[in-house]
Structure formats: C-alpha cells, structure tokens
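Note on naming: letters A, B, ... go to the chains in the order of the sequence lines (proteins, then strands), and numbering restarts at 1 for each one. Since the model is a prediction, treat every value here as computed from it, not as a measurement.
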Protein chains: 2
Amino acid sequence: MEEGTLESPSKCAVTMDGEDTDPFQWDTREGCQVRQILDRVADKWSLLVIALLDNRRLRFTELRREIDGVSQRMLTVTLRQLERDGLVKRTVHPVVPPRVEYELTPLGGTLHSTIRSLVAWTEAHQGEIAAAREAYDERVGASA
Amino acid sequence: MEEGTLESPSKCAVTMDGEDTDPFQWDTREGCQVRQILDRVADKWSLLVIALLDNRRLRFTELRREIDGVSQRMLTVTLRQLERDGLVKRTVHPVVPPRVEYELTPLGGTLHSTIRSLVAWTEAHQGEIAAAREAYDERVGASA
DNA sequence: CTGGATCCGACATGATACTG
DNA sequence: CAGTATCATGTCGGATCCAG
C-alpha cells in the first residue's frame with residue numbers, strides 16, 4: 001500500500017493520564033488516532049461510499065457506477081481502508097464471475113448519522129458561506 | 001492564491017429542482033459547495049484553528065504557538081480561507097508592532113459545536129477502530 | 001468482474017528568505 | 001509581529017496494464 005497507511009501509530013489518548021485531554025488539546029495530539037481517523041472519515045470518497053452504503057449492499061461495480069467520478073483505483077483503496085477500520089464489511093462470493101458485496105458494519109452505521117449532521121450544517125450554511133466569499137472577494141478585488 | 005480556490009463554482013443544490021436532492025445524492029453533486037465546504041471544514045489545520053478559537057481571541061503568533069506543528073505559511077493560508085468563508089473574523093490594529101487578532105464569527109461558532117460531535121464520535125470509537133485494524137492486519141499478514 | 005501493481009503528473013505543504 | 005514570495009518535495013490521485 002502506498003498511501004493512507006500509518007507507519008507510526010504512536011497511540012495516544014486511549015491510555016492517557018488525563019491531563020492532556022484538555023478540551024483544546026484533542027486535536028493537538030498529532031500522532032493521535034483522532035486526527036488520523038478524522039482525516040479518513042472526512043475523506044472525499046469515504047464520505048460518498050458511506051453515504052451510498054447506508055442500509056444497502058452494493059457490488060464494486062455498482063458503487064463505481066453510482067459514484068461515477070471515482071477511479072477504480074481510489075474506490076479500491078477507499079474500500080480497503082474502510083474495511084480495515086471496521087466501518088465496511090466486504091463479502092466475497094466464490095463464484096465464477098467474482099461477486100463482491102460491500103455493506104456498512106454497525107460501527108459504520110453510527111458514523112453515517114454523525115456525518116449526516118455535519119453535512120446538514122454544511123447544507124444549511126452554504127448560502128452564508130457563499131455570500132461571505134463573495135463579499136470577501138469583492139473587498140480584495142477592490143483593494144487590488 | 002495557489003490552492004483551495006474553487007475555479008468552477010457551478011453552484012448546485014441551492015437552486016435545485018428538488019429531484020436530485022435524494023438522501024443518497026447530497027454528496028454525488030461533485031461541483032457542489034457541500035463537497036468543497038466539507039473538505040475545508042474537515043481540513044487538519046482548519047479544525048485546529050476553529051477549536052482553539054472557540055470563545056477566544058488570539059493573535060497570529062499565539063495561534064502559531066498553540067498549534068505548534070503548523071508552518072507559518074499554512075496558518076496564514078488556513079486563516080485566510082476561514083476568513084473568506086466567514087467563519088473567522090480578522091481584526092488588524094494599526095499600531096507600530098502589527099497586532100492582528102482572530103476570533104470565530106457566530107457562524108464559526110455553530111460550526112464548532114458540529115465539529116465537536118464528529119470528534120466525539122471519533123474519540124468514542126477509536127478503540128473499536130484500532131481493534132478492527134489490528135484484526136485486519138493480522139488477517140492480511142497471515143495470508144501473506 | 002474485481003482488483004493488484006506501476007508509472008507519473010498535479011497539487012498541497014513545508015522550509016526558507018524577504019518585507020512593511 | 002505578521003505576513004508574502006519562492007523553491008523544493010512528498011503525497012495523492014488517475015491512467016494503464018496485468019491477473020485470478
């Protein structure tokens with residue numbers, strides 16, 4: 001594997017003394033799992049896969065078709081990561097034309113709802129953000 | 001600006017017919033703001049900055065010190081993006097030693113709480129994920 | 001059909017040096 | 001202090017070819 005792999009786990013928080021769990025430090029713990037998991041979860045393709053797999057079982061090709069923008073390589077990589085993290089279950093049917101199905105694990109299911117709330121925030125405020133950007137760009141453009 | 005800039009806005013969802021707003025399609029809309037905003041919000045440094053700025057006003061150097069792992073360049077870029085998106089407010093005091101302070105906007109505040117829930121999920125399940133990874137790696141290593 | 005392995009270009013990020 | 005500009009580089013992602 002060339003990417004997304006963690007070489008130095010350096011697990012943290014899990015067995016921490018409790019003093020470095022400050023509300024402002026949850027993210028400062030760089031080598032920590034949190035930071036890494038967050039990156040994976042927030043990943044473009046991961047998000048799509050998790051969303052599409054909600055209460056469904058899909059085959060590789062089906063996923064590829066639905067997502068469309070994804071390359072076969074990234075879909076494979078993404079699915080492997082999600083499988084490794086225990087968020088997605090991969091089932092291989094030993095038949096002549098290989099048939100592999102993917103589905104969310106219970107853990108993956110809980111993540112799905114959490115993600116939805118983040119997406120909900122985004123959808124709810126994209127108008128404000130767009131407006132803010134326009135205003136900002138105008139300000140900058142004016143001074144330039 | 002060299003990065004993070006959106007060349008083809010191709011705004012979507014905001015003014016959509018309503019048929020492509022399927023629960024499974026919120027993320028398929030690639031050119032959509034949602035996808036882009038999500039990337040920004042989930043960004044490593046953005047997350048840190050937003051967390052640190054919660055109910056505080058910090059100077060550039062202060063932020064840099066607290067985050068520590070960040071390069072001065074990325075901090076600048078990140079702050080600019082957040083400012084442009086209306087999530088962070090930048091205040092410049094025209095004094096001899098330049099004094100610039102950053103703080104969350106109300107919008108940024110709402111985002112903060114949303115992010116916290118995502119982080120909460122991550123913290124709550126990092127143990128399960130770690131276990132899943134170990135199991136997976138063992139499985140793979142065994143077959144290899 | 002479902003991927004594994006490679007090659008490679010694009011882009012994000014970090015380090016460094018310079019400025020108001 | 002608070003950046004901007006430039007250069008170097010590592011990583012990610014896409015395209016391709018190959019295999020079970």
Quiz prompt | For A:Ser46, all residues meeting side chain to side chain donor-acceptor pair (under 3.5 Å), sequence neighbours excluded | solution = A:Asp43
Quiz item: Is the shortest heavy-atom distance from the side chain of A:Leu79 to the side chain of A:Glu83 under 4.5 Å?
Solution: no
Practice problem: In whole angstrom, give the distance that lies between atom OH of B:Tyr102 and atom P of D:dC1. | Solution: 14 Å
Quiz item: Does a nitrogen or oxygen in the side chain of B:Thr76 sit under 4.0 Å from OP1 or OP2 of D:dA2?
Solution: no
Quiz prompt | With sequence neighbours excluded, residues passing side chain to side chain donor-acceptor pair (under 3.5 Å) with B:Thr61 | solution = none
Quiz item: Can a side chain N or O of A:Arg99 be found less than 4.0 Å away from OP1 or OP2 on C:dG3?
Solution: no
Quiz item: B:Leu75 CG to D:dC1 P: how many Å, rounded?
Solution: 14 Å
Quiz item: To the nearest angstrom, how far is B:Glu101 atom CD from D:dC1 atom P?
Solution: 14 Å
Self-check item: For atom CG of A:Asp39 and atom C1' of C:dT13, their distance in whole Å
Solution: 14 Å
Quiz prompt | Side-chain N,O (B:Arg80) to OP1/OP2 (D:dG3) below 4.0 Å | solution = yes
Quiz item: Sequence neighbours excluded, which residues qualify as side chain to side chain contact (heavy atoms under 4.5 Å, CB included) partners of A:Glu101?
Solution: A:Arg57, A:Arg59, A:His93, A:Arg99
Exercise. Answer whether the closest heavy-atom distance between the side chains of B:Val88 and B:Glu103 falls below 4.5 Å.
Key: no
Quiz prompt | d(NZ, A:Lys44; C1', C:dC11) in whole Å | solution = 13 Å
Quiz prompt | Gap between atoms CE and C1', on A:Met74 and D:dT16 respectively (whole Å) | solution = 16 Å
Exercise. Measure from CZ on A:Phe60 to P on D:dA19 and round the result to the nearest Å.
Key: 19 Å
Exercise. Output all residues satisfying side chain to side chain donor-acceptor pair (under 3.5 Å) with B:Arg64, sequence neighbours left out; order by chain, then residue number.
Key: none
Quiz prompt | Rounded distance (Å) that lies between atom P of C:dC1 and atom CG of A:Leu79 | solution = 16 Å
Quiz prompt | B/S/- contact track for nucleotides 15-20 of chain C, protein heavy atom under 4.0 Å | solution = BBB--B
Quiz item: Considering residues at least two apart in sequence or located in another chain, which fulfil the side chain to side chain contact (heavy atoms under 4.5 Å, CB included) criterion with B:Val96?
Solution: none
Exercise. Check whether any side-chain nitrogen or oxygen of B:Arg59 sits under 4.0 Å from OP1 or OP2 of D:dC1, and answer yes or no.
Key: no
